[in-house]
Amino acid sequence: MKKWDYLIISIVGLIILVFFIVFYLPYRNIDLENAKVMIMINNQIIEELDLDENKEYDYVIKASKNSDILIYKNESLLKTITNTKNIEIDNNFMIKGYEIKMTNANCKHHDCMHMVINNQSTLPIVCTNGIIIKVINNSDIDIIV
């Protein structure tokens, strides 16, 4: 190998390291006792709520191809939003104490069902149909005056 090969490999490795530090580490270790859950669909915030070890929530998100997206929280309608992507959605997830997990999903590979937010991992749950569930520090929330 020549000098330029080592230089290019070093630069690529440095770029990968920077992306890891910027995008992965901020979500890795969040104190769940002082955190909020942010639920988003198609980059629209549906709800933000404080995590509490004594609370339990069940969410159901449903939509057919040409209808609005219906979001239910503990079996009562929370919100209705426009289905801008015009896709079918049938997802369920639960928040139980400091654990959040997807319990049902109609996406192709069901990768989101293998993602869990808990004390060991606070990485976001991302589903291919536009649902994102993430945990944020209360101190990270900007207050606009």
Side-chain angles (χ1 to χ4, degrees), residues 5 7-145:
D5 294 338
L7 181 64
I8 290 173
I9 291 171
S10 299
I11 291 172
V12 169
L14 185 63
I15 291 171
I16 291 171
L17 181 64
V18 167
F19 274 105
F20 176 77
I21 290 170
V22 170
F23 293 110
Y24 179 75
L25 289 182
Y27 294 109
R28 183 70 183 143
N29 294 316
I30 296 174
D31 178 23
L32 294 179
E33 291 181 12
N34 187 29
K36 282 188 177 285
V37 176
M38 183 183 292
I39 302 163
M40 300 171 64
I41 300 176
N42 299 333
N43 292 326
Q44 182 178 348
I45 297 173
I46 302 304
E47 186 172 32
E48 286 184 16
L49 62 131
D50 291 320
L51 279 176
D52 185 350
E53 66 180 332
N54 300 318
K55 299 226 175 160
E56 189 172 324
Y57 305 102
D58 289 312
Y59 287 85
V60 177
I61 302 171
K62 291 191 175 286
S64 54
K65 286 197 178 209
N66 293 316
S67 69
D68 288 341
I69 301 172
L70 304 174
I71 301 106
Y72 295 92
K73 178 180 179 181
N74 294 337
E75 298 182 3
S76 62
L77 185 63
L78 174 67
K79 199 168 193 177
T80 303
I81 62 171
T82 306
N83 191 353
T84 56
K85 292 186 178 179
N86 224 8
I87 59 173
E88 188 172 325
I89 300 173
D90 186 11
N91 286 49
N92 300 7
F93 65 93
M94 62 171 255
I95 301 172
K96 185 175 183 179
Y98 296 130
E99 182 175 87
I100 306 166
K101 64 181 176 180
M102 191 73 66
T103 55
N104 179 45
N106 70 330
C107 51
K108 186 175 181 179
H109 298 291
H110 301 284
D111 291 332
C112 57
M113 292 186 63
H114 302 291
M115 300 175 192
V116 177
I117 297 174
N118 56 26
N119 288 327
Q120 285 80 35
S121 176
T122 56
L123 293 173
I125 297 173
V126 180
C127 195
T128 56
N129 56 15
I131 298 170
I132 299 173
I133 305 161
K134 63 182 178 177
V135 176
I136 53 176
N137 276 328
N138 276 333
S139 60
D140 290 346
I141 299 171
D142 294 331
I143 298 174
I144 300 172
V145 181

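Taking both residues in full, the closest heavy atoms of Asn74 and Tyr57 are given as OD1-CA, 3.4 Å, listed atom of the first, atom of the second, then distance. Residues Pro124 and Ile117 approach most closely at CA-CD1, 4.4 Å, considering heavy atoms.
Considering Lys79, Lys36, Lys73 in turn, Lys73 is the only one that fulfils the salt bridge (charged side-chain N to carboxylate O under 4.0 Å, His left out) rule with Glu47.
Checking Asp58 against Asn92 by side-chain atom types alone, no donor-acceptor pair falls below 3.5 Å.
One finds the NZ atom of Lys62 at 9.0 Å from the CD atom of Glu88 (value rounded to the nearest 0.5 Å). With rounding to the nearest 0.5 angstrom, the CE atom of Met115 is 9.0 Å from the CG atom of Leu123. Annotation: the span from His109 atom NE2 to His114 atom NE2 amounts to 11.0 Å, rounded to 0.5 Å. Taking CD1 of Ile71 as the start and CG of Asp68 as the end, the distance is 9.5 Å to the nearest 0.5 Å. Here Leu78 contributes atom CG and Ile39 contributes atom CD1; the two are 7.5 Å apart, rounded to the nearest 0.5 Å.
The backbone N or O of Asp90 sits less than 3.5 Å from a side-chain atom of Asn106, completing a donor-acceptor pair. Of the possible donor and acceptor atoms, one in the side chain of Asn83 sits under 3.5 Å from a partner among the backbone N and O of Ile87.
Residues Ile133 and Val37 have side chains in contact (heavy-atom distance under 4.5 Å, counting atoms from C-beta outward).
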